[in-house]
Amino acid sequence: FGGIILLINPGSTVSSLNPLGVVLVLISAASWAFGSLLSRRVPTPDSLMLGAGMNLITSGIMLTTASLLTGEFAKIVPAAVSLRSIVAIVYLAVASSTVAFLAYTWLLAHVPTNRVATYAYVNPVFAVLLGALIGGESLTPLEMLASAIIIASVALITLPRPKAQPEAAAPRFRIRLKALAIRQAR
């Protein structure tokens with residue numbers, strides 16, 4: 001979580017953090033991981049497209065409702081909408097949402113869930129990197145440090161752990177000797 005907090009921190013001090021924003025980002029990452037684990041235990045559609053569509057439509061309805069309730073539609077200025085912003089929205093709807101969710105759903109069916117759940121933590125890193133590479137945004141040293149922490153944390157979670165050494169044969173051997181001694185005493 002520390003890497004994500006550093007990544008969303010616009011300033012260099014803790015006081016520059018928006019506490020509500022931090023809580024919401026951490027809850028969303030934890031919820032995504034929980035949903036990934038839960039998806040193994042609840043019935044899901046056989047069709048990846050149907051599952052992705054159900055998820056994206058439900059999310060769209062919920063976010064549209066939240067936007068209506070908070071008055072965000074009243075803040076839209078049609079004259080300020082550029083072709084670049086429309087292309088960005090279409091890209092986010094198609095590539096970032098649909099294709100990524102289809103890949104995520106496929107991974108859930110073919111890869112251990114604990115590895116797939118790390119997607120929620122790596123996603124902000126890719127967003128920042130794409131913003132720097134495609135959007136021309138600056139990448140600060142703090143963002144690079146946060147990205148490194150997140151990637152290292154995910155690597156620690158997903159790398160195979162060393163196998164435990166088998167116990168020495170001596171205790172089993174002693175038990176067998178005791179069993180033989182009891183049998184012979186009868």
Is the closest side-chain heavy-atom distance between Leu129 and Leu139 below 4.5 Å?
yes

Note, Tyr91 side chain near Leu130 side chain (heavy atom, < 4.5 Å):
yes

Apply side-chain contact (heavy atoms from CB on, under 4.5 Å) to Thr70 and list each qualifying residue two or more places apart in sequence or on a separate chain.
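Thr70: side-chain contact (heavy atoms from CB on, under 4.5 Å) contacts with Glu72.
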
Any chance you could measure [X], atom [atom1], to [Y], atom [atom2], to the nearest 0.5 Å?
X      : Y      : atom1 : atom2 : result
Ser31  : Leu38  : OG    : CG    : 11.0 Å
Glu143 : Ile150 : CD    : CD1   : 10.5 Å
Ile151 : Leu156 : CD1   : CG    : 12.5 Å

Ser85 side chain to Val81 main-chain N or O, any donor-acceptor pair under 3.5 Å?
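Judged by distance alone, no pair lies under 3.5 Å.
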
When you measure from the side chain of Thr64 to the backbone of Ile61, do you find a donor-acceptor pair of N or O atoms at a distance under 3.5 Å?
no

Verify the cluster assignment for Leu68 and Leu63: are they in a single hydrophobic cluster under the rule of side-chain heavy atoms below 4.5 Å apart?
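The answer is no; the residues belong to distinct hydrophobic clusters.
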
